[in-house]
Colleague: 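First, the structure itself, so that you have it in front of you.
Throughout, residue positions are numbered sequentially from 1 according to the sequence presented. Since the structure is predicted, the reported quantities are computational estimates derived from the model, not experimental observations.
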Amino acid sequence: MEFFTVSCLRKGRVSVDGLYQGENKTGGTLKVFQCRAGLHDVSLECKIGQKCREMTQRVLISGTNAIVPLVIGFVCEVRDGSDQKRH
């Protein structure tokens, strides 16, 4: 088995190859997920304002362990844009 975390400033829903795995964080701590070795589509769905945004990365996951999981980083917007001024 291989191990990975999904890092983002926001809390979100993690899926691997289209199958829901759980939230990426428990409180403020990143959750460690398991999968088989190989190429996987890892998705993070997070709520930004009232909208959900799903981001996906194709990642080769191999050579990991529970102590040193692969960190898959996503760039999540912190603000929802609703506070921007309109001209």
Colleague: When you measure from the side chain of Glu45 to the backbone N and O of Arg13, does any donor-acceptor pair fall under 3.5 Å?
Modeller: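 Judged by distance alone, no pair lies under 3.5 Å.
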Colleague: Distance check, rounded to the nearest 0.5 Å: Lys25 atom NZ versus Lys11 atom NZ?
Modeller: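 Separation between the atoms: 9.0 Å.
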Colleague: Any side-chain heavy-atom pair from Gln21 and Ser15 closer than 4.5 angstrom?
Modeller: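 No, every pair of side-chain atoms sits at 4.5 Å or beyond.
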Colleague: Using only atom types and a distance under 3.5 Å, with no angle test, would you say the side chain of Thr64 pairs donor to acceptor with the backbone of Phe3?
Modeller: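 Such a contact is found between Thr64 side chain and Phe3 backbone.
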Colleague: State whether the side chain of Asp41 and the backbone N or O of Asp17 hold a donor-acceptor pair below 3.5 Å, judged by distance alone.
Modeller: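 Here the side-chain-to-backbone pair does not exist.
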Colleague: Can you tell me how far the CD1 atom of Ile72 sits from the OG atom of Ser43, to the nearest 0.5 Å?
Modeller: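 Rounded to the nearest 0.5 Å, the CD1-OG separation comes to 10.0 Å.
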Colleague: Quick one, Val59 with Leu70, criterion side chain to side chain contact (heavy atoms under 4.5 Å, CB included). Give me CA distance, side-chain angles, the key distance, then yes/no.
Modeller: CA-CA 10 Å; Val59 182; Leu70 175 67; 3.6 Å; yes
Colleague: Could you report the tightest heavy-atom contact between Cys46 and Arg10, atom names first, then the distance?
Modeller: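 For Cys46 versus Arg10, the nearest heavy atoms are SG-CD, 4.1 Å.
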Colleague: Rounded to the nearest 0.5 Å, what separates atom CE in Met1 from atom CD1 in Ile61?
Modeller: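 Rounded to the nearest 0.5 Å, the CE-CD1 separation comes out at 10.5 Å.
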Colleague: Does a side-chain heavy-atom distance below 4.5 Å link Val16 with His40?
Modeller: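 Contact flag for Val16/His40 side chains = yes.
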Colleague: Do the side chains of Val42 and Val6 get nearer than 4.5 Å, heavy atoms only?
Modeller: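 Side-chain contact under 4.5 Å: yes.
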Colleague: Give a yes or no answer on whether the side chain of Gln34 reaches the backbone of Val32 with a donor-acceptor pair at less than 3.5 Å.
Modeller: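 Side chain of Gln34 to backbone of Val32, a donor-acceptor pair under 3.5 Å: no, none is there.
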Colleague: Nearest heavy-atom pair of Phe33 and Glu23: which atoms, and what distance?
Modeller: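 Taking every non-hydrogen atom into account, CZ-O, 3.3 Å.
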Colleague: Could you tell me which non-hydrogen atom of Thr5 sits nearest to which non-hydrogen atom of Lys31, and how far apart they are?
Modeller: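 In this case the closest contact between Thr5 and Lys31 is CG2-O, 3.5 Å.
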Colleague: Any heavy-atom pair between the side chains of Val71 and Phe4 that's under 4.5 Å?
Modeller: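 No. Closest side-chain heavy atoms not under 4.5 Å.
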Colleague: How long is the gap from CD on Glu2 to CZ on Arg36, to the nearest 0.5 Å?
Modeller: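 Separation between the atoms: 11.0 Å.
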Colleague: Is Ile67 atom CD1 crowded by more than 12 heavy atoms from other residues, nucleotides or ligands, each under 6.0 Å away?
Modeller: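 Counting neighbours around CD1 of Ile67, 12 or fewer heavy atoms of other residues, nucleotides or ligands fall under 6.0 Å, so no.
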Colleague: Would you say that Leu44 contacts Asn24 through its side chain, given a criterion of any heavy-atom pair below 4.5 Å between the two side chains?
Modeller: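 The answer is yes; the side chains approach within 4.5 Å.
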